[in-house]
Every structure is written in C-alpha cells, then in structure tokens.
*Asks:* 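Here's a structure for you.
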Protein chains: 2
Amino acid sequence: MAAPPASAGPALAIAVTEAGGLGLIGGRFSVDILRTQLQEASQTLKSSTNSLVADAALLPIGVGFLTFVLKLDDVLPLIEEFRPCVVWLFVARTLEGYVEWAEGVRRVSPGTKVWVQTGSVSAALHIAKTAKPDALCIQGADAGGHGFEKGAGIISLLPETADAFRNEGLSHIPLLAAGGIMDGRGVAAALALGAEGVVMGTRFLGSREVEIHPAYQAAVLEAQDGGQVTVRSHLFDELSGPNMWPEMYDGRSLAIQSHKDRVDGMELEEIQRLHNEAVKERDEGFKTGLHGRAAIWAGTGVGLVSGVEGAREIVERVRGESREALGRVAGL
Amino acid sequence: MAAPPASAGPALAIAVTEAGGLGLIGGRFSVDILRTQLQEASQTLKSSTNSLVADAALLPIGVGFLTFVLKLDDVLPLIEEFRPCVVWLFVARTLEGYVEWAEGVRRVSPGTKVWVQTGSVSAALHIAKTAKPDALCIQGADAGGHGFEKGAGIISLLPETADAFRNEGLSHIPLLAAGGIMDGRGVAAALALGAEGVVMGTRFLGSREVEIHPAYQAAVLEAQDGGQVTVRSHLFDELSGPNMWPEMYDGRSLAIQSHKDRVDGMELEEIQRLHNEAVKERDEGFKTGLHGRAAIWAGTGVGLVSGVEGAREIVERVRGESREALGRVAGL
C-alpha cells in the first residue's frame, strides 16, 4: 500500500507499516529531502512498540524513486545506509533504465527487494526479462497521478499480463495491482484477477498522515463520480513551465479550471501565467474543488474517499472489508 | 452476456441463451433488419430441444436499441409482436430519453424487463430515478465500441455506483458490469465489486457466431496488450462522414491506420477519402491487424481473445473459470 509520490511521507509510511501493510515513501525530487525523511522514518520505526517492526533487519518501509529525476549515484549511498525492505522504481526514460537501478540497489543492499511499476503487458514483460524485479506493480489507467498515457484498467490489464507471464515462464514474479482500488471490494477483485497484492494511493489522500494542503484534501473529499471528475492529461505537467516527464507518461488529476480553460481553447502561456499566480496564494492554487488552477492528482476512485481517518484505520478497515468481500463471493 | 451492437445477431444470441446465458441481439440501424433477425431467433428458439428455452413465455433473448437511431413508434410494434425477455436501451440523446422508451416497452409488453446501459455514477442515478429500469448495466471505460467519452474502469465505477445507489435507496436495482471482463477472473472480480451479473462483448468477437468480417476477426485474434492496441476516439465515428453520435459518446477501436494518420496530422477529409475507398475493397477496409482504415471495435480485453470457438463453449468455459476463480479467492 502506497500513496501518491508527492504526498506520501514518513508519517504515512510508518502508519501503514505499523498497521501491517507496507508503507512507502513516495518518489522525491531531492535526495536531501529523502535523507531527512528516511532518518525520521528509521528513528521512529526503531522505537516501535511492535517488535516485528522495531527489530526488522531492513527498514520495514518501501521507498519510491522516479528514476528519470534522481541520479543513481546520489541515491545508492542512501539505500546502503538505510536499507529499506523495498525499493520501488518508476518512470525510467526508457525501459532499459530499470536494469542499472535494480543492479545498483541489489549491490549496495542485497536484502532489499526491487519492485517496478509499469502500465502495459509489453513493458511488464520487458522489465521482467531485463531488470528481473522481485515484483511488478501493474498500474491500470484508473490510477491517479502519473502513468502511461495509454492504458487499460486492471480488469483486463492484470489478467492479460498474468497470462503473458505464464506463457513466458515468468510466473515466479508476483504481480501487484494498482489503479482504482479503494476498499475491500477492490482488493478482492484484484485478487480474483490474479494479483498477489494491491497498491493503494488515492485512498490515502483521505488519511490524516498524508502530506497535502488542506484545500487539496477538501477537494478530494468533495469529488464524486471519479471517472467524470478526473481526467488524464499532459497539461498537468505543463502548468508551471515545460513538461519534464517522458513523453509516454501523463497524469490523472481532478479536472481543474486550468484543464477546462485549455479544453475551451485558452493559450497554454495564459494558463501557465494564471497557475503561477495562483500558487502564490494562501490555498496554493487549489481553491475549492474544481475551481483551482493547481493539479490535484487523484485516481478514478476519488469518489469513494468521503472522510478523513488515520492510515492505520484505513488499512484495518480495508483488511476487514476484503475478508468480507471474499467471504461474500465465496458464497456465490 | 452480449456482443458489440454491429456484430451480435440471432445466431450468437441463440447460442448464448442455449448455453444458459442471456443472448442479446445488438442495436440495429434498421427496424426491417431487426424484424428479420427477431423472426429467425424466434423460430429457432421455439424449436429448441431445451424446454426452458422452447416453452419460455417471452422470447428468451434480449434486444438492444440505440435509442437515438430508431423511432420508438417504429420499434414498439416489434416488441409487442416478439416480446423479448429483455429490452436493452443505450445512447439516448439526453438521459430523459430513456423514460419514454421504458414506458413504451412496458406498455406493449408488460413482462419484458428494461435494462439501460450507462457509464457514470450520476447518469446511473438519474436513469434509476426517472426511467426506473429493471437493471442497469454499468459500462466501464475499458469497453469496446461506444460509451461515454469520459469514464472510469469498473474497478472504481461499480463500487462507487453501488454505494450511491445504497445511499439513495436504489439498491433494489441490480447492477451489471461491462468493460474489460473476458473470462472467469473478470466475472469473479465484477461480483466482488458488487455486480450481480456481467456483460461480455469483446469476448464474443472470438466466437464462431459473431457477424464480423474474417479480416476483422483476424485482427482481433492478433491484437495484444489491449490498453496499447486500442484507443477511444471520436474519429471512428467520422470515418465515413459527419459524426451522428451524441457528443458525449465516443468509441474504442483498435488503433487502426486511420487513427495513426489523424494523430500524425492528416486532414480529416483525406482520412475519410482513404477510408471510403478502402471499404470498397474485398477486406472492407479492415486489412491485416492495425493497418486497416475501417474501425475495429474492441475493448481493452482484446488481448485475451486468442482463438475462435463456439459461443456455447465460451459461455461454459467462462462459467467454469468463474467457479474456479471464486473458489481460489475464497481460500485466501
């Protein structure tokens, strides 16, 4: 279980791990910030009252990396020092980019598991054969934040990937499902599709520990009808200036005013100007709900986030609901 | 269980019903063709060796209608004459359009169930309250052929709709799931999400009974990585001339050459000219795989169609797989 890169810090990662999930610190744009967050997580986890957590040989959280952003040489010392149990790789400029990262991570921290997230059958196959990850996160098009511009929901993506892996003798690599999974019903569905675990991001936008502006969280709580209120677009990466992301990636955000203006024909330069003015305001450009100018990354499941609770409560609730959903379908 | 409008005729509908599913004849653009097909289905079903089928009080198949295409007054005499057990309504110009159709169908054939397909939480709620259908088919964005331009996969759309229905006291209306469901894993997932049944279209593109050109079927069999090889676009409704479909609808097709050319900047008029030339050829413009100029409607699950078999075998296989998948997750 994870949360969107920009918003999953040590507090959220720790709470999820303490509740028996695997908490993740999302991909940072700065190694210095990541070091501070890893120090915080490490100190807190070592003094956990949960002995499984406190005495773990590796740091019992995962750490996400946007591999097109950070330099591997800058990252490896951190991994060697903190030895997270999982390193999560995402957004290499080319699929070959994961190979060097996987090898590097394993060299400096042999016990660390390498997980890679990707969004198509062919990419998953390629990464499985080249980077040989310990697990692959199969990200469906419903996911919030960044992902492949083109894609399928996990309803077909997961089974097609599982079949392709079986046909190519790669079934030893566990597949995790991401994108639109919000509660126990989604977990049960993902397991039925063949996933061995799930990744949840948008769900934790409704947690107390998530690092987002109150106006961002308010917009998430208010949003309904997730397929209508969110949209995938490259625009969200162009709001403050040139798009730095590899071309095949875009992102899913609430369909904010900036997006509506673009659809209505407003020039990009004017949208950027309005955005860059708005983010200086107290609400950092998020405004209320859909009227803001800053991206509010969220998946199509956003309509199922209706309140704020602790991450521990979310993990425990989802676990209970999953049992319930599995029990219900078992009776059919 | 259904199949894409253009390709589900009496043979497919009969085979699915004979196998214990509910076969559907897809939405026709002509009342005369529909009459011929209903006569054929009616005669065949009445002589079925399956007494449940032969002696059914209503015609034991469903009939789909694109309500923006046909006139209700032309359709009602057919429904009164053939009394299909289900009338399936789709693509009203406005959501209010379903009210008149539902009332008309019930007036001329009281036993006929009215099912409506739609693709958002708010549309489903509105239709439930106004047209009061006997079931709603919740169509996710992975579906092939036409659907809402904007949308979510059923992984989040189905649970959000189910919750909204519960909150509004509408839980008596069963929800069926459509979009990306290809086999027993998908069926089990849909049931876990809260669906009471599933609709399968793309899966039957791999049936012997489906009414598609051999080149179309060959392209379906060849297609892999369904989220990459298909795409939603309005272009597919503009290939032969002006787009007649309501604006909020587009369609998912294989990403054929016509689409690639449009993305590369070719003028629509030139794409139309090439399309209208190509459809006169022996392969009707489908060519091999992705090189054709005519739309090849298919959902993201197309990569899971790898061979041709009888519709009965498909239904029986999916039923067996569903039990297997439900049994497997029940053990988790």
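Proteins get letters first, then strands, A, B, ... in listed order; numbering begins at 1 in each. Only this structure's heavy atoms are used, side chains among them; waters, hydrogens and symmetry mates stay out.
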*Asks:* When you check the gap from the basic side-chain N to the acidic O, do A/Asp225 and B/Lys150 get nearer than 4.0 Å?
*Replies:*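 No.
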
*Asks:* What are the two closest heavy atoms between B/Ile155 and A/Ala189, and how far apart are they?
*Replies:*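 Smallest heavy-atom distance, with atoms named: CD1-CB, 4.1 Å.
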
*Asks:* Taking A/Ala325, A/Ser120, A/Ala330 one by one, which has the highest count of heavy-atom pairs under 4.5 Å against chain B?
*Replies:*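 Max contact count across the listed options: A/Ser120.
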
*Asks:* Has the side chain of A/Glu160 got a donor or acceptor atom that lies under 3.5 Å from a matching backbone atom of B/Gly301?
*Replies:*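 Checked: no pair found.
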
*Asks:* Examine whether an atom of A/Ile154 lies under 4.5 Å from a heavy atom of chain B, and if so say whether it belongs to the side chain, the backbone or both; otherwise answer neither.
*Replies:*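 The side chain, not the backbone.
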
*Asks:* Please determine, among A/Gly119, A/Gly327, A/Gly303, the option with the most heavy-atom pairs under 4.5 Å with chain B.
*Replies:*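 It is A/Gly303.
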
*Asks:* Has the side chain of B/Asp142 got a donor or acceptor atom that lies under 3.5 Å from a matching backbone atom of A/Ala152?
*Replies:*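 No, because the side chain of B/Asp142 does not come within donor-acceptor range (under 3.5 Å) of the backbone of A/Ala152.
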
*Asks:* Measuring heavy-atom distances to chain A, does B/Leu191 have an atom under 4.5 Å in its side chain, in its backbone, in both, or in neither?
*Replies:*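 Both parts, backbone and side chain.
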
*Asks:* CD of B/Glu238: more than 12 outside heavy atoms within 6.0 angstrom?
*Replies:*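 Yes, because the 6.0 Å sphere around CD of B/Glu238 holds more than 12 heavy atoms from other groups.
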
*Asks:* Please rank B/Ala188, B/Ser322, B/Pro159 by heavy-atom pairs under 4.5 Å with chain A and give me the top one.
*Replies:*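 Top count of heavy-atom pairs under 4.5 Å with chain A: B/Pro159.
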
*Asks:* Quick check for you: among B/Arg328, B/Met182, B/Glu149, which has the greatest number of heavy-atom pairs under 4.5 Å with chain A?
*Replies:*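 The option with the most such pairs is B/Arg328.
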
*Asks:* Where do A/Arg185 and B/Ala162 come nearest, in terms of heavy atoms and distance?
*Replies:*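 Looking at all heavy atoms of both residues, the closest pair is NH1-CB, 4.3 Å.
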
*Asks:* With a 4.5 Å limit on heavy-atom distance, are the side chains of B/Leu157 and A/Thr300 in contact?
*Replies:*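 They are not in contact (no side-chain heavy atoms under 4.5 Å apart), so the answer is no.
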
*Asks:* Please determine, among B/Asp163, B/Val302, B/Thr230, the option with the most heavy-atom pairs under 4.5 Å with chain A.
*Replies:*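 The option with the most such pairs is B/Asp163.
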
*Asks:* Does B/Gln224 have more than 12 heavy atoms from other residues, nucleotides or ligands lying within 6.0 Å of its CD?
*Replies:*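 Atom CD in B/Gln224 is not packed in, count stays at 12 or less.
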
*Asks:* As an exercise, state the distance from CG of A/Asp183 to OG of B/Ser156, rounded to the nearest 0.5 Å.
*Replies:*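 Those atoms lie 10.0 Å apart.
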
